[in-house]
Amino acid sequence: MKRTKVAELLQGNALGQDVLIKGWVRTKRGNKFVNFIAVNDGSTIHTVQVVADVQQFNEESLKDITTGACVAVTGMLVESQGKGQSVEIQAKTIEVLGLADVETYPLQKKGHSLEFLREIAHLRPRTNTFGAVFRIRHAMSYAVHKYFNDKGFYYVQTPIITGSDAEGAGQMFRVTTLDVANPPKTETGAVDFSQDFFGKTTNLTVSGQLEGEVAAMALGEIYTFGPTFRAENSNTTRHLAEFWMIEPEMAFYDLNDNMDLAEEFLKYLVMYALNNCKDDLQFLNDMYDKELLTRLNFVVTNSFERLEYTQAVEILKSAKQKFEFPVEWGTDLQSEHERYLVEKHFKKPVILTNYPKHIKAFYMKQNEDGKTVRAMDVLFPGIGEIIGGSQREENYEKLAARIKEMGIHEEELWWYLELRKFGTAPHAGFGLGFERLILFITGMGNIRDVIPFPRFPKSAEF
Ligand code: ATP
Ligand code: MG
Ligand code: MG
Ligand code: MG
């Protein structure tokens, strides 16, 4: 017999038929006449109830069916008299595929804190919470590809090992082929890191943007979706050392087109989750955050507020709230400022534009005022910055001068500059942090809980 997944089973189409399920026991309870075993197989937040009659299954034969054990059950699918479920399985055979010792299996019936579960990243997908989060994460990956494919964007894979530092922030992990026990030395005796990668300096990518621009300047509209790495020794609930980014890059887009795309894209993703992850979202809403569904519905039905950085600074300076870091024109906004604008002032998502150029990366298009660049950050409730983007500087001289001015190694970016030398075009793009999106959609409070294997300072060893 072929296995039926619990999600499909619960639709009830196989009523009256014999079925086979395989999954992990969540609970077993019983009385003199009958035992009820709840089994989950990861296909849904729900369990299916297996009814084991004591006539057929005596206590001894059920002793290995404990929380966490893996089982294969055959039996007839029948209507259920129990509350909260429409169907159940009248067990005919129960095979234990894998034992889970009651004394040592950590995920017993009682609820566990998210902190505790973080310590056991290898087992936490078996909980309702992480099952829901990872199913939603899957659905969102699919929705990203679907959105762009339907719009005619091409998916481009950019390198993980690169020589360029897209953000110029120096938060790179080095990649090295050096013999660390016996490294090459410079004349001063220091380790010669310029020899890192068979004679070149290399690092793990902090963003696929620059290579994405290469593709956009030939294919028109493209996106990347891959892992990025930042060696930030940060312990916030919004930063990881390894995270996934979605970076669309579009020829012939200006900043307004870029904002329109970002807003449409985010709304599409939230809508997709509302339509396709109903049970998981309902569970997270009821379990952790009673406002979750309201917030998601709000985002898809209201337009985002758009304003300039300069106006935002005025608002923040006249705010009654005391900030840990006071704001002046020219300061980079912290998440406390971003969240004030979104949650307290406008009470909706905000897109901030035209930031001071000295707090933004070298590649952003400079405005006429000589002080600001055509940057945009999208700010979300509970998150702060979810997207960072800009119109790119397409003028060769201006870009070259900016690179020089910022002291960036020109020789590493010759290919990037050549995009402006030969057939340059106005273009724009942005980066959406995938885990920040999942944070928003699931309502989870910590970014470490929305990626299967979080990487952060002192993270688990596997
Ligand atoms: P922040 O100000 O929050 O540190 P950033 O401005 O450094 O973010 P960008 O370089 O603009 O980030 O990257 C684009 C997007 O990638 C951000 O808007 C955010 O969604 C996401 N992101 C950036 N850094 C991280 C990180 N360390 N962990 C997870 N997501 C991140
Ligand atoms: Mg940062
Ligand atoms: Mg930022
Ligand atoms: Mg940013």
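All heavy atoms count here, side chains included; hydrogens, waters and symmetry mates do not. Both ligands and their constituent atoms are indexed starting at 1 by order of listing.
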Ligand 1 contacted by Glu385 (non-hydrogen, < 4.0 Å): yes

Mode of Val206 contact toward ligand 1 - side chain, backbone, both, neither (heavy atoms, under 4.0 Å): neither

Side-chain ion pair, Arg135 and Asp279, N-O less than 4.0 Å: no

Heavy-atom gap Leu437 to ligand 1 smaller than 4.0 Å: no

Charged N-O contact under 4.0 Å between Glu343 and Lys347: no

Check: Leu240 N/O within less than 3.5 Å of ligand 1 N/O: yes

Gly388: numbered ligand 1 atoms lying under 4.0 Å from its heavy atoms: 18 (O)

Which of the ligand 1 atoms, numbered from 1, are nearer than 4.0 Å to a heavy atom of Gly431: 14 (C), 15 (C)

Min N/O separation Ile386 to ligand 1 under 3.5 Å: yes

Lys/Arg N to Asp/Glu carboxylate O, Lys146 vs Asp150, below 4.0 Å: yes

Subset of ligand 1 atoms that lie under 4.0 Å from at least one heavy atom of Arg238: 28 (N), 29 (C)

Side-chain ion pair, Glu393 and Arg402, N-O less than 4.0 Å: no

Ion pair Glu394/Lys365, N-O distance below 4.0 Å: yes

Proximal candidate to atom 19 (C) of ligand 1 [heavy atom criterion; set Glu232, Glu435, Arg436]: Arg436

Close-contact set for ligand 1 against Ile387 heavy atoms, below 4.0 Å: 18 (O)

Proximity to ligand 1 by part of Asp332, non-hydrogen separation under 4.0 Å: neither

Test: Glu242 and Arg230 ion pair at under 4.0 Å: no

Arg448/Glu115 salt bridge by N-O under 4.0 Å criterion: no

